[in-house]
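Structure record follows, encoded as structure tokens.
Every heavy atom of this structure was used, including side-chain atoms; hydrogens, water molecules and symmetry mates were not.
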Amino acid sequence: MAQLWKGRFKKELAKETNDFNSSIKFDSRMFEEDINGSIAHATMLGAVGIIEKSESEKIVQGLSEILNDIKNGRLDIDMEAEDIHTFIEGELTERLGQTGKRLHTARSRNDQVALDIRMVLKKEIDEIVKKLKDLIDVLCKKAEANKDTIMPGYTHLQRAQPITFAHHLMAYCSMLCRDLDRLKDVKRRMNILPLGSGALAGTTYPLDRNTVADLLGFDGISSNSLDGVSDRDFCIELASALSIVMVHLSRFSEEIIMWCSWEFKFIELDDAFSTGSSIMPQKKNPDIAELVRGKSGRVFGDLTALLTVMKGIALAYNKDMQEDKEAIFDAVDTVKMCLNAFTPMIDTMTVIKENMRNAAAKGFINATDCADYLVGKGLPFRDAYKATGELVALCIDRGLTLETLPIEQYKEVCGLFDEDVYTAINLENCVNGRLVEGGPSAASVDKQIAKAREIISK
Ligand code: ARG
């Protein structure tokens, strides 16, 4: 396909140069947004009188037909074209002749591409938000079923204090709710129309930018034409928010992988979300979780690529910026793919409650509660801490736990102990006594679930 800008040139672009220069292989996915953006632009040109109303109508009609034809497979996008903008405008001109050539009045590909990416990414954010909400919903459901499932909470991957599986899952819900909020925020700042910035210096035509913004669902218009065409901070912000989503999914994946191991056996993944080994018949591997963990690297790479592309280019547009699309689309696609596999994997996993309970019984995770018991009897916390430490050492020596250590031994270490210590260190009591907001008690987890459900209902 001939270049739109060929007037100044005597030769066609070399084939190698065209392959290198062309972005159609990755920007063709913006065809719908490109066409809808052009329809709004042409409508406004006609309304203001920059072009004849009748010509504007023909252009809008022609663009709508092109959109339908692409969608219905009647028109193939030419992969030799320079980019999607060139292709659509060329096709329109082929269909309408002279009238088609009026579409690009008062517009540059620079503000056009800045518009298209924003439109595509707004849609992608909505999709990712929906997928995140689905995951939060599944987590709330799982949490509801595991409010009494005692498990050890860890610090340094050492058993630390008793929590419930519900409480652990709701921690991820809190993170994912913040992810939702970040994405909403990214979309809010992205939702500003750059069209009207022209190539860089605006235009002499009396554009009605606000009408175009309204037609395309933008909250406002950009206030500086150089900025409108030359920043991609909205891509960087999105890649950053998506990187944080991936950090959360990756940590969660790491825990899934650990919990599936024979060393933990806290959960079992459904066969549909596990794979076997080509040589070891006994293996059932958590490949999906591993891949999600691994794919986080891609998204961080996309963020780094965007930051690097943008950091050293003088205002306004430079072709370097064409690199924005592959990076941000890869980040978007990767997160969507990960969520598509991750959510049903969590939904279908089996929780092995006994193994969690057994692990919780063995790690002295009620030692803090034992010390708190002594505090309740009047001992300063530091002394209570020391006495409990001695008890733990005693238990380790004798192969016992705080639950099985006889009361006489307790009394030998500290005279304040009585039979009621066993109630105080009972794991269920330890958990359900933690009524503080945000804590692991069933009552507190109920509130956390209600809050998460309210967030995803909006
Ligand atoms: N394909 C280009 C991009 O993605 C479109 C903008 C082209 N503008 C230009 N002045 N060459 O950035």
Side-chain angles (χ1 to χ4, degrees), residues 1-45 51 55-56 58-71 73-121 194-200 203 205 212 216 228-230 232 235 316-326 328-329:
M1 176 178 276
Q3 279 75 37
L4 288 180
W5 34 261
K6 67 181 177 190
R8 188 198 187 289
F9 292 78
K10 298 196 174 71
K11 280 189 186 172
E12 289 283 314
L13 200 63
K15 163 128 181 52
E16 300 79 357
T17 318
N18 190 49
D19 290 345
F20 182 61
N21 191 53
S22 166
S23 52
I24 192 104
K25 289 193 179 72
F26 46 86
D27 66 18
S28 57
R29 74 190 261 169
M30 308 196 299
F31 74 89
E32 187 161 6
E33 289 73 19
D34 191 76
I35 292 175
N36 286 333
S38 290
I39 288 177
H41 179 66
T43 306
M44 179 275 294
L45 290 181
I51 63 175
E55 292 208 286
S56 149
K58 274 191 210 146
I59 290 174
V60 169
Q61 175 73 20
L63 287 168
S64 307
E65 283 168 17
I66 293 175
L67 180 58
N68 272 333
D69 288 352
I70 296 176
K71 280 187 168 175
R74 282 194 297 268
L75 173 64
D76 290 332
I77 296 173
D78 175 8
M79 287 299 146
E80 300 293 303
E82 188 178 339
D83 53 33
I84 189 64
H85 330 292
T86 314
F87 173 75
I88 303 287
E89 194 190 327
E91 180 65 26
L92 186 75
T93 304
E94 233 163 74
R95 294 184 181 200
L96 302 186
Q98 290 301 104
T99 303
K101 294 184 189 165
R102 297 200 189 275
L103 167 64
H104 211 53
T105 314
R107 188 177 71 169
S108 156
R109 269 187 302 165
N110 295 350
D111 54 355
Q112 188 178 358
V113 73
L115 171 73
D116 291 2
I117 319 170
R118 281 176 170 84
M119 286 171 68
V120 172
L121 294 182
L195 208 63
S197 302
L200 76 160
T203 169
Y205 295 96
V212 179
L216 295 174
V229 287
S230 70
R232 294 291 183 266
C235 295
Y317 179 84
N318 296 262
K319 191 75 169 200
D320 315 42
M321 290 160 64
Q322 179 165 286
E323 289 288 310
D324 60 354
K325 280 171 283 302
E326 277 169 295
I328 195 61
F329 292 160

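For E32, the salt bridge (charged side-chain N to carboxylate O under 4.0 Å, His left out) partners at least two apart in sequence or on another chain are K71. The salt bridge (charged side-chain N to carboxylate O under 4.0 Å, His left out) search around D27 returns none, not counting sequence neighbours. Looking at residues two or more places apart in sequence or on another chain, you find no salt bridge (charged side-chain N to carboxylate O under 4.0 Å, His left out) involving E323. With sequence neighbours excluded, the residues that form a side chain to side chain contact (heavy atoms under 4.5 Å, CB included) with E65 are Q61, R95. By the side chain to side chain donor-acceptor pair (under 3.5 Å) test, D116 pairs with H85, sequence neighbours left out. Considering only residues two or more places apart in sequence or on other chains, T203 meets the side chain to side chain contact (heavy atoms under 4.5 Å, CB included) condition with A106, Y205, L207. With sequence neighbours left out, N318 forms a side chain to side chain contact (heavy atoms under 4.5 Å, CB included) with I313, D320. Residues satisfying the side chain to side chain donor-acceptor pair (under 3.5 Å) criterion with R232, sequence neighbours excluded, are D324. Scanning for side chain to side chain donor-acceptor pair (under 3.5 Å) contacts around Q98 gives K101, with sequence neighbours left out. Annotation: side chain to side chain contact (heavy atoms under 4.5 Å, CB included) contacts of A316 (sequence neighbours excluded): L200, L226, V229, S230. By the side chain to side chain donor-acceptor pair (under 3.5 Å) test, K319 pairs with N21, Q322, sequence neighbours left out. With sequence neighbours excluded, no residue forms a salt bridge (charged side-chain N to carboxylate O under 4.0 Å, His left out) with D111.
Taking CG of L96 as the reference point, atom CD of E94 lies at 11.0 Å (rounded to 0.5 Å). Atom CD in E82 sits 4.5 Å away from atom CZ in R109 (nearest 0.5 Å). Between the CD1 atom in I24 and the CE atom in M30 there is a gap of 9.5 Å [rounded to 0.5 Å]. The CD1 atom of I84 lies 6.0 Å from the CG atom of D34; values are rounded to the nearest 0.5 Å.
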